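Submitted below is the structure of interest, expressed as structure tokens.
Nothing here was measured: the structure is a model prediction, and the numbers come from that model. Convention: sequence-line order gives letters A, B, ...; per-chain numbering from 1.
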Amino acid sequence: MIDLNTLSPREAAYIAHNSYFTLKDWVKGEPSAGMEKTSTVKRMVVGNGIGSGVKGGDTNTSLRSTDLKGASLNTVFRGETAGLSTGFGYVLSFRRNGLNQVIIASRGTRVEHSLADGLADLHAAITSFGGYGQVHAGFANAFASIVPNLARQETRIRDADIVHCVGHSLGGAISTLVAAHYAGARGAGVKLYTFGSPRVGAHVTPQAFESLIGKDNIYRVSHDLDPVAMVGPYPYSHVNGLASDANNMMLRSPTAKLIGVANHDMRRYVESMSDAARDLSWQDVRGFSAEVVHDNAVLARWLLRSVDNPSVFTTRLVEGLSVILKAFAHFLQMQSVTSAIISGMTAIDLFAAALSRGIDRYAAANPQLLAGLQVAAVWARVAVVGMKFTIAVIKAIMTRMMDVIKPLMMEAIAKVGAGNPLPLMIAGATAITGHVIA
Amino acid sequence: MPRPVLTPTPIAASTFRCLTRPRPRAGEHWLRVATCALAATLLLGCEPAQSTSSSTDTMFGLFKSKSPSSVDPSVGAPLVREPAFPAGAATPPAAAYPQVDRMSLDALPPAGVLSSAVDGKSPAEAWVAPSKPDALALVNVFEPKRRCELWLVDRKDGKRLATPVPLQLDANQQKWSACSAQEVLSLPGGKLLVAMRYRVPNPVDALFLLDATGVARKFGLIQPDWPAGLPSRFLDNLQLTPDAVLAVYRTDSVRLGAERYVNRFDHLVLFSPRHPTGLEVAQIGIDDGNVRDWHFARGKLWLHTSDDRGDAPRTFDWSLDLSHVL
């Protein structure tokens with residue numbers, strides 16, 4: 001049964017994809033700082049979808065080929081990141097199923113920023129957001145920059161029966177804040193669709209957002225080996241981040257076996273959400289997600305194997321990793337962290353959470369865990385003994401894992417052709433672990 | 001199996017490649033041969049274009065093409081670089097064999113009745129090829145999960161499915177979580193060329209040749225035509241003669257940067273009464289460009305290609321004489 005009050009997977013994926021055309025010259029494949037002309041955005045979003053780099057025919061993500069073909073582009077809005085004001089998204093309205101519906105689309109981050117400006121954001125602090133909890137300051141700043149522009153559409157957004165917030169990558173993070181903002185202002189009727197979004201909120205904030213928007217109204221799609229969806233680590237977490245959440249739709253990555261930047265491309269998400277035989281339903285997507293193994297040890301193995309050609313020590317560590325992670329999970333359960341939350345964590349989260357809760361004292365009294373950590377210590381060349389042994393070993397393992405994720409994440413968001421690298425505005429790992437992405 | 005190639009060594013290939021550049025005048029011929037031979041000897045290739053499968057490593061290996069084009073020996077002619085693509089291409093001839101019809105089924109097979117009204121809501125859809133003695137129906141079933149079935153259509157009642165044909169697409173197909181035919185091309189002899197998407201559980205695309213026996217040939221994994229944008233296209237075809245069609249599919253995607261991909265190889269496959277299971281007449285490597293336009297006239301195939309990897313696309317025009325294989 002088609003739910004006309006919810007964007008279909010194809011509609012949502014197309015919107016997340018075509019929102020990039022708000023960035024100046026994205027349509028030419030040569031993005032630059034600035035905002036694209038409204039007429040061009042309109043052509044790419046609801047028109048013929050043909051850009052200068054695109055072959056003729058209906059060969060793009062224009063909504064003309066969907067049920068939203070009659071939608072009206074109301075505005076293209078700016079946003080500010082890293083001190084630069086650029087085209088950031090658009091507002092679209094349409095009527096379906098007898099209801100007035102509005103789409104607020106936000107694009108991801110790309111080549112328009114300078115490396116220097118962006119690096120400053122990497123160290124941005126956690127900040128409070130609308131009384132709902134703590135979020136990453138870089139995302140909050142970007143959100144704050146688009147609010148005045150969205151205010152011009154306030155009446156339309158306020159009076160709509162349903163508001164759909166859509167985005168990929170950074171756009172997914174901003175859309176999460178946009179959805180929370182309007183869910184708080186309106187009280188109901190807000191839906192959120194994200195693809196490859198990083199984590200936005202820390203501690204209990206994601207749960208607060210879920211209560212505000214409604215878990216059933218949050219459609220979070222990720223690839224299991226998308227490096228951007230893995231950051232920032234604990235205490236950040238995803239909305240609908242539990243493995244048991246029906247709308248936590250983690251799909252098998254296109255590359256299938258390796259963490260890689262291709263798994264972050266919106267084009268790849270469109271592929272994952274496509275079937276030319278017939279459009280997928282969200283139920284179809286949930287079905288594909290159900291086949292993906294949610295095991296925080298799986299990612300850890302991939303990360304560690306990616307570090308080098310596995311040495312004997314690496315192989316032994318990887319083999320013993322399940323024991324270590326199970327012990328950590330057991331420890332967290334003793335600390336009243338539910339197994340559902342633990343299953344939604346990556347290995348890095350698990351390590352960070354355990355560190356923050358005093359795993360070192362637990363390890364000292366657990367010979368089996370200590371033995372596993374000693375294997376890891378040899379692999380990581382940790383010479384520390386005594387009270388700080390456990391902490392040093394865990395940090396060493398995390399550092400290796402983060403060393404794999406960091407360049408991939410940077411590459412995933414940083415390059416367009418020969419463009420300069422740029423950062424994602426993510427505060428990196430936590431102050432607890434001292435792993436700040438830089 | 002490695003493809004036989006026209007030229008056996010890198011040097012010979014490069015020399016040959018130079019000779020296939022815009023044709024020299026008669027008086028300049030030997031001078032150009034000597035120049036090309038010298039340059040080829042020094043650099044092992046003036047520019048990647050002509051086929052070679054040699055893996056000879058030298059200190060000049062960096063100059064070698066990693067994506068060599070090749071032409072099947074049975075074609076009996078090389079891929080020739082041309083100065084321009086011919087303007088005003090003639091309309092391709094109509095196919096002399098029946099084309100597939102996309103139809104809906106009002107119920108799951110075998111009960112469903114075929115109808116030409118396709119509204120995207122029926123529990124199953126079919127591509128029906130009115131081949132003889134039995135029409136083939138490739139059926140996409142959408143409930144309870146997506147799967148693909150092959151049926152023979154009832155000879156007496158052309159609206160009903162009669163006999164299932166076991167589809168043996170892959171040794172591990174029982175592990176697929178979903179499968180559906182994405183694009184179907186009707187071929188001479190009642191065969192179907194099918195771009196299939198299945199999930200393992202990540203989406204995988206593969207190309208198959210189907211006939212009344214089930215699978216006649218598996219071409220392997222394929223990629224969408226990345227530079228052509230979305231929605232993804234997997235197959236293009238050019239009718240050469242009323243009973244011969246050329247199909248192109250792509251393999252080996254290369255990621256250039258965020259959201260930007262090209263394919264390393266375009267495969268041109270000829271289907272005709274002489275080549276009922278397909279003859280790959282040429283494989284075009286990305287160094288010679290991805291095929292963006294094509295045209296057939298007087299036994300010769302013309303290609304316009306583009307290599308989009310650099311800041312500015314490099315375009316090429318080629319010809320390939322197919323008269324020996326038609």
Side-chain angles (χ1 to χ4, degrees), chain A residues 2 10 13-14 17 20 26 29-30 49-51 53-62 65 108 110-111 169 223-224 251-256 260-262 264-268 270-280 284 287-292 411-419, chain B residues 102 118 120-125 127 138-142 144-146 148 175-184 195-205 223-234 253-261 290 292-293 306 308-313:
Chain A
I2 298 170
R10 183 160 76 102
Y14 275 24
H17 186 274
Y20 277 98
W26 179 264
E30 300 165 351
I50 299 173
V54 181
K55 205 176 171 185
D58 289 326
T59 52
N60 217 293
T61 47
S62 165
S65 64
R110 282 298 189 251
V111 75
S169 189
H223 285 142
D224 61 347
L251 303 173
R252 188 78 180 274
S253 293
T255 59
V261 291
H264 183 62
D265 283 344
M266 191 56 221
R267 176 77 197 258
R268 291 288 196 176
V270 173
E271 285 297 321
S272 290
M273 307 289 285
S274 295
D275 188 331
R278 179 168 295 177
D279 280 358
L280 299 176
D284 291 324
F288 301 145
S289 174
E291 298 179 54
V292 178
E411 190 183 349
I413 60 172
K415 290 183 178 176
V416 175
Chain B
R102 191 168 183 173
V118 179
K121 296 174 183 172
S122 59
E125 289 179 4
W127 275 278
L138 182 63
V139 181
N140 276 332
V141 178
F142 301 110
K145 68 174 193 176
R146 293 170 187 238
C148 209
K175 295 180 182 174
W176 298 355
S177 56
C179 173
S180 53
Q182 304 289 294
E183 296 173 37
V184 180
M196 199 83 79
R197 169 163 289 189
Y198 55 89
R199 303 222 175 214
V200 286
N202 54 304
V204 175
D205 299 294
Q223 292 288 326
D225 184 2
W226 290 105
L230 290 162
S232 293
R233 284 211 317 266
F234 293 93
S253 68
V254 179
R255 186 178 189 271
L256 303 178
E259 313 291 343
R260 290 185 62 212
Y261 294 80
N290 289 148
R292 299 266 61 94
D293 199 1
S306 178
D308 295 343
R309 291 175 296 178
D311 289 339

Problem set entry | Contact origin within His17(A) toward chain B - heavy atom pairs under 4.5 Å | side chain
For this session: State, to 0.1 Å, how close Pro201(B) and Glu291(A) come at their nearest heavy-atom pair, and which atoms those are.
Result: CB-OE1, 3.8 Å
Exercise. Is it the side chain or the backbone of Ala195(B) that comes within 4.5 Å of chain A heavy atoms, both, or neither?
Worked result: neither
Problem set entry | side-chain hydrogen bond (donor to acceptor under 3.5 Å, both in side chains) partners for Ser274(A), two or more places apart | none
Exercise. Between Arg268(A) and Pro203(B), is any pair of side-chain heavy atoms under 4.5 Å apart?
Worked result: no
For this session: With a 4.5 Å cut-off on heavy-atom pairs, point out which of Arg309(B), Arg146(B), Glu183(B) contacts chain A the most.
Result: Arg146(B)
Exercise. Quick one: are Arg278(A) and Asn140(B) in side-chain contact, heavy atoms under 4.5 Å?
Worked result: no
For this session: Against chain A, label Ser306(B) side chain, backbone, both or neither, depending on which of its atoms sit under 4.5 Å from a heavy atom there.
Result: neither
Problem set entry | Residue selection (most heavy-atom pairs with chain B, distance under 4.5 Å) from Leu280(A), Leu251(A), Val270(A) | Leu280(A)
Problem set entry | For Asp279(A), all residues meeting side chain to side chain contact (heavy atoms under 4.5 Å, CB included), sequence neighbours excluded | Arg10(A)
Seminar exercise, completed: Applying a strict 4.5 Å limit to non-hydrogen atoms, the region of Val200(B) in contact with chain A is backbone
Exercise. Below 4.5 Å, heavy atoms only, C-beta onward: do Arg252(A) and Arg199(B) meet side chain to side chain?
Worked result: no
Exercise. For Lys121(B), is it the side chain, the backbone, both or neither that has a heavy atom under 4.5 Å from a heavy atom of chain A?
Worked result: backbone
Exercise. Relative to chain A, which segment of Gln182(B) carries a heavy atom at a distance below 4.5 Å: side chain, backbone, both, or neither?
Worked result: both
Exercise. Hey, is the main chain of Ala277(A) close enough, under 3.5 Å, to the side chain of Arg197(B) for a donor-acceptor pair?
Worked result: no
Exercise. Any side-chain heavy atom of Glu271(A) sitting closer than 4.5 Å to one from Leu230(B)?
Worked result: yes
Problem set entry | Segment of Pro313(B) engaging chain A (4.5 angstrom heavy-atom cut-off) | neither
Problem set entry | Close side-chain approach of Asn202(B) and His223(A), heavy atoms under 4.5 Å | no
